[in-house]
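What follows is one structure encoded as structure tokens, with my remarks underneath.
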Amino acid sequence: MEEKSIFEMILNREIESEIIYEDKEIFAINDINPVAPIHVLVIPKKKIRTINDVSKDDAMLIGRMVLTAQKLAENLNIDESGYRLLWNTNKDAMQTIFHIHLHLIGGTQLKAI
Ligand code: 5GP
């Protein structure tokens with residue numbers, strides 16, 4: 001069996017990290033190394049290695065992840081000021097954890113990309 005991802009270990013409480021949101025399919029944590037005042041990771045409980053591995057069957061899950069990020073942005077009061085959602089995929093994007101996660105970044109003026 002493939003090794004557990006850090007996120008699976010966090011979900012199983014094998015690694016300490018405050019879970020700031022959780023439902024049946026999705027959970028969210030604060031990034032340990034934030035790049036902005038708000039940097040949340042929205043993570044599916046189902047381990048999918050990269051965005052390349054997302055299938056049609058996951059379409060609803062991906063949509064729910066975006067809606068979760070939207071709700072968290074509202075709760076964190078950055079919905080109007082603005083935020084960035086991003087997925088890193090593989091080497092050139094410097095993906096480091098191979099269990100997909102949506103970065104929710106905001107709380108400051110971000111640089112243009
Ligand atoms: P990636 O580079 O794969 O898109 O993003 C992985 C993110 O996970 C990084 O921003 C990194 O700071 C964060 N991260 C890595 N290990 C941990 C951890 O143990 N706890 C938390 N909360 N975040 C982590």
Side-chain angles (χ1 to χ4, degrees):
M1 215 177 80
E2 213 187 326
E3 244 176 65
K4 268 189 262 176
S5 71
I6 286 178
F7 297 146
E8 287 171 293
M9 291 194 257
I10 288 173
L11 190 59
N12 294 339
R13 289 12 185 220
E14 293 163 31
I15 293 182
E16 170 62 33
S17 183
E18 187 191 355
I19 295 176
I20 62 169
Y21 173 84
E22 182 171 6
D23 64 27
K24 211 157 52 71
E25 292 182 304
I26 293 165
F27 66 107
I29 57 176
N30 288 312
D31 197 294
I32 204 169
N33 190 17
V35 298
I38 291 171
H39 188 169
V40 172
L41 303 173
V42 179
I43 306 161
K45 291 184 176 176
K46 173 183 176 184
K47 182 183 178 188
I48 302 171
R49 274 182 55 78
T50 79
I51 289 295
N52 291 337
D53 302 304
V54 170
S55 73
K56 277 193 187 146
D57 290 345
D58 301 315
M60 197 68 95
L61 175 63
I62 297 297
R64 288 201 185 105
M65 288 176 70
V66 172
L67 290 172
T68 300
Q70 177 202 65
K71 195 75 199 156
L72 286 166
E74 187 187 329
N75 293 347
L76 292 163
N77 217 16
I78 56 166
D79 53 333
E80 293 304 325
S81 54
Y83 55 91
R84 185 168 289 155
L85 295 181
L86 73 89
W87 319 79
N88 290 322
T89 302
N90 281 337
K91 183 171 65 66
D92 281 359
M94 298 184 73
Q95 181 177 0
T96 56
I97 299 185
F98 289 83
H99 177 154
I100 62 166
H101 47 284
L102 181 57
H103 294 256
L104 163 62
I105 298 167
T108 190
Q109 179 65 59
L110 299 170
K111 296 210 175 73
I113 55 165

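Throughout, numbering of the chain's residues begins at 1 and tracks the sequence. Both ligands and their constituent atoms are indexed starting at 1 by order of listing. Since the model is a prediction, treat every value here as computed from it, not as a measurement.
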Checklist outcome for this item: atom 10 (O) of ligand 1: of D31, N88, V35, the nearest heavy atom sits on D31
Next on the checklist: So, taking the atom named CD1 in I97 and the one named CD1 in I10, what distance separates them when rounded to the nearest 0.5 Å?
Outcome noted: 7.0 Å
Checklist entry - Does ligand 1 have a heavy atom under 4.0 Å from the side chain of M94, from its backbone, from both, or from neither? => result backbone
Checklist entry - Counting heavy atoms only, which of L41, V40, I15 is nearest atom 8 (O) of ligand 1? => result L41
Checklist entry - Atom CZ of F27 and atom CG of L41: how far apart are they, to the nearest 0.5 Å? => result 9.0 Å
Checklist entry - Counting each atom of ligand 1 from 1 as listed, which ones have a heavy atom of S17 under 4.0 Å away? => result 22 (N)
Checklist entry - What is the nearest protein non-hydrogen atom to atom 22 (N) of ligand 1, stated with its residue, atom name and distance? => result N30 O, 2.8 Å
Item to check | Whether H39 and H103 hold their rings parallel, tilted or perpendicular, with breakpoints at 30° and 60° | outcome: tilted
Checklist entry - I29 heavy atoms, cut-off 4.0 Å: which ligand 1 atoms fall inside? => result 21 (C), 22 (N)
Next on the checklist: To check your reading of the model: name the closest protein heavy atom to atom 2 (O) of ligand 1, its residue, and the distance in Å.
Outcome noted: T96 OG1, 3.0 Å
Next on the checklist: Using a 3.5 Å distance criterion without hydrogens, assess whether the side chain of N12 forms a donor-acceptor pair with backbone atoms of M9.
Outcome noted: no
Next on the checklist: Distance under 4.0 Å to a non-hydrogen atom of H103: what atoms of ligand 1 satisfy this?
Outcome noted: 1 (P), 4 (O), 5 (O), 10 (O)
Checklist outcome for this item: Contact region, I32 to ligand 1, non-hydrogen atoms below 4.0 Å, reads both
Next on the checklist: Tell me the protein heavy atom at minimum distance from atom 5 (O) of ligand 1, and give that distance in Å.
Outcome noted: H101 NE2, 2.9 Å
Item to check | With W87, the side-chain contact (heavy atoms from CB on, under 4.5 Å) member among T50, V54, I51 | outcome: I51
Checklist entry - Can you list the ligand 1 atoms lying under 4.0 Å from a non-hydrogen atom of N33? => result 12 (O)
Checklist entry - Under 3.5 Å, side chain of Q95 to main-chain N/O of N90, donor-acceptor pair present? => result yes
Next on the checklist: As a check for students: among I10, I97, T89, N90, identify the option with a heavy atom nearest to atom 16 (N) of ligand 1.
Outcome noted: I97
Checklist entry - Can any side-chain N or O of R49 pair as donor or acceptor with the backbone N or O of K47 at less than 3.5 Å? => result no
Checklist entry - With atoms numbered from 1 as shown, which atoms in ligand 1 lie under 4.0 angstrom from a non-hydrogen atom of I6? => result 19 (O)
Item to check | Basic-acidic side-chain contact under 4.0 Å: D58, K46 | outcome: yes
Item to check | Lys/Arg-Asp/Glu bridge criterion (N-O < 4.0 Å) met for K45, E8 | outcome: no
